[in-house]
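Remarks on the structure that follows.
Small disclaimer: the values here were computed from a predicted structure and weren't measured. Both ligands and their constituent atoms are indexed starting at 1 by order of listing.
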Amino acid sequence: MSNKVEDKVLDHDFDGIQEYDNPLPRWWLMLFYGCIAFAVVYIPYYHFGPGPLMQEEYAAEMEAANKALTAHAAEEAKQEAAAPKEDWSKFEQDQARVAAGKEVFATRCAACHLADGGGSVGPNLTDNHWKNGRGDMASLVKIIKKGVPGTAMVAWESQLSKDELINSAVFVRSLKGTKPAVAKAPEGDLVED
Ligand code: HEC
């Protein structure tokens, strides 16, 4: 320790224990007084003044995010309504598309749905039960394109060409009523054709 400051013993004594009068280091005192100065500004401004507290900031951010989300959903709905309705069902019976779709499905989808659509991570695609949509071409194309947010079913539109998208939907459509080797229990609502 520094010897520059002369050690001065305080003149009290507890059972023979004595202590020196050691001043606190300057940097420590600066921090200490700095904290006090900070608090003098901070507390009046945030707790009694115009500064927003954490909860208020959080509420404001949530409100802004909700607004943005609503606006985004409205925009999407508008776009969807404006887009010309394609009649996907015309592709349904196209055997070339079924075959091409089967290949896409085997490489991209089978990991979760099994090659015959029996289901594992993802639902069984051969039964009449659907968690999303109604199992018709329009529903299938939409689900495969956009995915199911918040689940393992991602949006495939950036990874598949338009034809691959349609073909995989055509293939899923062709699975209806087939008997997979291992069928996962039905999930979602029963949809009568
Ligand atoms: C990483 C796993 C995974 C992959 C890969 C995957 N899916 Fe899915 N899929 C899921 C899950 C999980 C669901 C259920 C989502 C839910 O809970 O609503 C699902 C749902 C679906 C549904 C709707 C089923 C229903 O009952 O609503 C269809 C159709 C579908 N997937 C087709 C495909 C196609 C086609 C591909 C390949 C291009 C694919 N999936 C790739 C996991 C996957």
- Note on the structure: So, leaving waters aside, the tally of protein N/O/S atoms less than 2.8 Å from atom 8 (Fe) of ligand 1 stands at 2
- Taking the six-membered ring for Trp, are Phe32 and Trp28 parallel (under 30°), tilted (30 to 60°) or perpendicular (over 60°)? parallel
- Is it true that Lys162 and Glu86 have a side-chain N and a carboxylate O under 4.0 angstrom from each other? yes
- Item | Nearest-0.5 Å distance, CZ of residue Phe105 to CG of residue Leu125 | 5.0 Å
- Query: Looking just at side-chain N and O atoms, do Asn167 and Lys102 make a donor-acceptor pair shorter than 3.5 Å?
  - Reply: no
- Task: Distance to 0.1 Å, residue and atom name: give those for the protein heavy atom nearest to atom 16 (C) of ligand 1.
- Result: Lys131 NZ, 3.5 Å
- Message: Check this for me: does any side-chain nitrogen of one of Arg134 and Asp189 sit under 4.0 Å from a carboxylate oxygen of the other?
- Response: no
- Starting from atom 18 (O) of ligand 1, find the nearest protein heavy-atom neighbour and note its residue, name and distance. Asn132 ND2, 2.9 Å
- Is the shortest N/O to N/O distance between Trp130 and ligand 1 below 3.5 Å? no
- Task: Look at the side chain of Ser168 and the backbone N and O of Gly101, then say whether any donor-acceptor pair between them is shorter than 3.5 Å.
- Result: no
- Numbering as shown, the atoms of ligand 1 that approach Val121 to under 4.0 Å (heavy-atom distance): 12 (C)
- Item | Min side-chain heavy-atom separation Ile143-Val148 under 4.5 Å | yes
- Query: Which of these passes side chain to side chain contact (heavy atoms under 4.5 Å, CB included) with His113: Met153, Lys184, Arg108?
  - Reply: Met153
- Just jot down the ligand 1 atoms closer than 4.0 angstrom to any heavy atom of Leu140, in number order. 29 (C)
- Task: Provide the number and element of each atom of ligand 1 under 4.0 Å from a heavy atom of Thr151.
- Result: 15 (C), 16 (C), 17 (O)
- Message: Let me confirm one number: the CZ-CZ distance from Phe91 to Arg173, rounded to the nearest 0.5 Å.
- Response: 14.5 Å
- Query: Heavy atom of Arg108 under 4.0 Å from ligand 1?
  - Reply: yes
